[in-house]
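Below you'll find the structure, written out as structure tokens, and then a few comments.
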Protein chains: 2
Amino acid sequence: MELPEAKQKFIEAWGKLGSEWGINRTMAQVHALLLITPDALTTEEIMEALSISRGNVNMTVRDLINWGLVEKQLRAGERKEYFYADKDTWNIARQVAKERRKRELDPVIKILDELVKVEGDKKDPAYKTFHKSVTDINKLAKNVDKTLETMIKADESWFWGSILKIFK
Amino acid sequence: MELPEAKQKFIEAWGKLGSEWGINRTMAQVHALLLITPDALTTEEIMEALSISRGNVNMTVRDLINWGLVEKQLRAGERKEYFYADKDTWNIARQVAKERRKRELDPVIKILDELVKVEGDKKDPAYKTFHKSVTDINKLAKNVDKTLETMIKADESWFWGSILKIFK
DNA sequence: TCGAACTTTCAAAATATATTGAAACTCAAT
DNA sequence: ATTGAGTTTCAATATATTTTGAAAGTTCGA
């Protein structure tokens with residue numbers, strides 16, 4: 001396989017994975033493109049490389065910046081903005097974990113905490129089942145939450161070293 | 001908060017979380033409903049509880065069965081089918097991990113393995129960056145893959161015990 | 001203050017995804 | 001072989017999400 005084809009495959013694969021995980025396909029593709037590009041790209045270049053509109057690039061890149069995955073670079077004497085993706089995979093993973101935890105896991109845990117407190121007739125199977133499921137899911141969610149927190153703070157080799165040691 | 005309201009909240013929260021994670025909202029809601037219901041429900045009852053059509057219930061429930069989260073129960077002397085959700089949270093988590101690994105992570109790893117092999121000019125920054133990003137992501141994906149495999153095989157208390165011990 | 005170079009916005013259009021509902025199908029009892 | 005209680009299918013429809021592109025906005029040098 002030649003490089004241009006391989007790049008295309010990578011962008012496609014990343015886009016597909018993204019969309020399966022609730023991340024806009026185009027956002028994942030722009031990210032993929034920037035990841036495999038050594039230097040920062042302009043809006044124009046991204047439009048060209050992925051055949052998408054100016055407006056779309058603008059919004060997508062803004063999202064990537066909000067996720068902490070891309071930075072805007074300004075060059076002395078130029079009006080154009082350049083976009084550059086952090087290439088450190090561990091940073092990327094952590095950043096994604098951090099954002100999704102904040103946006104999705106935290107709110108759910110908050111609701112579950114409320115629901116665990118709901119009182120009811122301890123003889124009523126409907127109540128018992130509700131209460132047990134909510135309590136169990138809450139525990140699971142909190143374990144995931146703690147694990148993510150550790151991951152977010154951790155150094156890569158330490159983290160995987162510890163995790164992978166679990167099954168020797 | 002009273003039980004009926006709490007149930008509603010739970011179904012909504014689960015549906016929202018599902019849709020943020022690439023799982024059809026209705027599927028997540030039906031799952032939520034079954035999780036907090038002590039006994040198995042019929043198509044009719046699910047339609048009623050969630051105000052959705054018969055066709056939708058049928059397809060959604062089939063998906064849940066394919067995911068290994070719900071089972072069909074038949075009762076002697078009755079033509080109707082009853083649907084029952086496994087209430088063991090750890091089983092659910094494992095089952096979801098297993099399915100998503102198979103459907104999404106495995107194919108990506110296969111592509112990454114191909115892309116890592118792509119040869120190019122070692123002096124070319126475009127090639128160097130491509131190769132490094134692909135290689136790094138491949139390593140990360142393989143670590144996740146191994147961790148999921150461990151989780152899928154593991155017993156709950158052992159797994160979380162080991163993971164949470166990591167940060168004492 | 002003008003205008004060229006560039007960015008941002010957002011209503012409208014395109015696309016993708018989910019849902020409906022009625023017809024077709026299955027199956028067992030009569 | 002017909003009926004009726006149920007399930008399944010899927011074209012049509014509805015809904016949600018993404019994308020476009022042109023107009024409005026910004027910034028800066030002349």
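None of the values given here were measured: they were computed from a predicted structure.
Sequence order on DNA chain C of the closest nucleotides to A/Met59 and B/Thr26 puts A/Met59 first from the 5' end. Of the two residues contacting DNA chain C, namely A/Phe83 and B/Val57, the nearest-nucleotide position lying further toward the 5' end is that of A/Phe83.
When the side-chain nitrogen and oxygen atoms of A/Lys72 are compared with OP1 and OP2 of C/dC6, none of them lie within a distance under 4.0 Å. Dashed line: the shortest gap from a side-chain N or O of B/Asn24 to OP1 or OP2 of C/dT19 is under 4.0 Å. Look at A/Arg54 and you won't find any side-chain N or O under 4.0 angstrom from OP1 or OP2 of C/dT9. Taking only side-chain nitrogens and oxygens, B/Asn58 never comes nearer than 4.0 Å to OP1 or OP2 of D/dT7.
Using a 4.0 Å cut-off between charged nitrogen and carboxylate oxygen, B/Arg94 and B/Asp88 do not count as a salt-bridge pair. A salt bridge links A/Glu20 with A/Lys16: at least one charged nitrogen is closer than 4.0 Å to a carboxylate oxygen.
Distance CD1 (B/Ile52) to C1' (D/dT15): 15 Å, rounded to an integer number of Å. In this structure, CG of B/Leu50 is placed 11 Å from P of C/dT19, rounded to the nearest angstrom. In this structure, B/Gln73 places its CD atom 14 Å from P of D/dT7, rounding to the nearest Å. If you measure from atom CG of B/Leu74 to atom C1' of D/dG6, you get 12 Å, rounded to the nearest angstrom. Atom CD of A/Glu78 is separated from atom P of C/dT7 by 10 Å (rounded to the nearest Å). Summarising the geometry, the separation between CG on B/Asn56 and P on D/dT15 is reported as 13 Å, rounded to the nearest angstrom. As rounded to whole Å, 17 Å separates atom C1' of D/dG29 from atom NZ of A/Lys80. C/dT8 atom P lies 14 Å from atom CE of A/Met47, rounded to whole Å.
As judged by a 4.0 angstrom heavy-atom cut-off over every strand, A/Arg62 is placed among residues touching the sugar-phosphate backbone only.
Among the nucleotides D/dA5, C/dT20, C/dT7, the one closest to any side-chain atom of B/Arg79 is D/dA5. Closest to the B/Glu81 side chain, of the nucleotides C/dT20, D/dT7, D/dT20, is D/dT7.
Remark: A/Arg25 CZ is loosely packed, at most 12 non-hydrogen atoms of other residues, nucleotides or ligands lying under 6.0 Å away. In the displayed structure, A/Glu78 atom CD is contacted under 6.0 Å by more than 12 heavy atoms of other residues, nucleotides or ligands.
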### Task
Evaluate the criterion side-chain contact (heavy atoms from CB on, under 4.5 Å) for residue pair B/Lys9 and B/Met1; output intermediate values, then yes/no.
CA-CA 10 Å; B/Lys9 278 246 166 80; B/Met1 201 191 311; 4.2 Å; yes
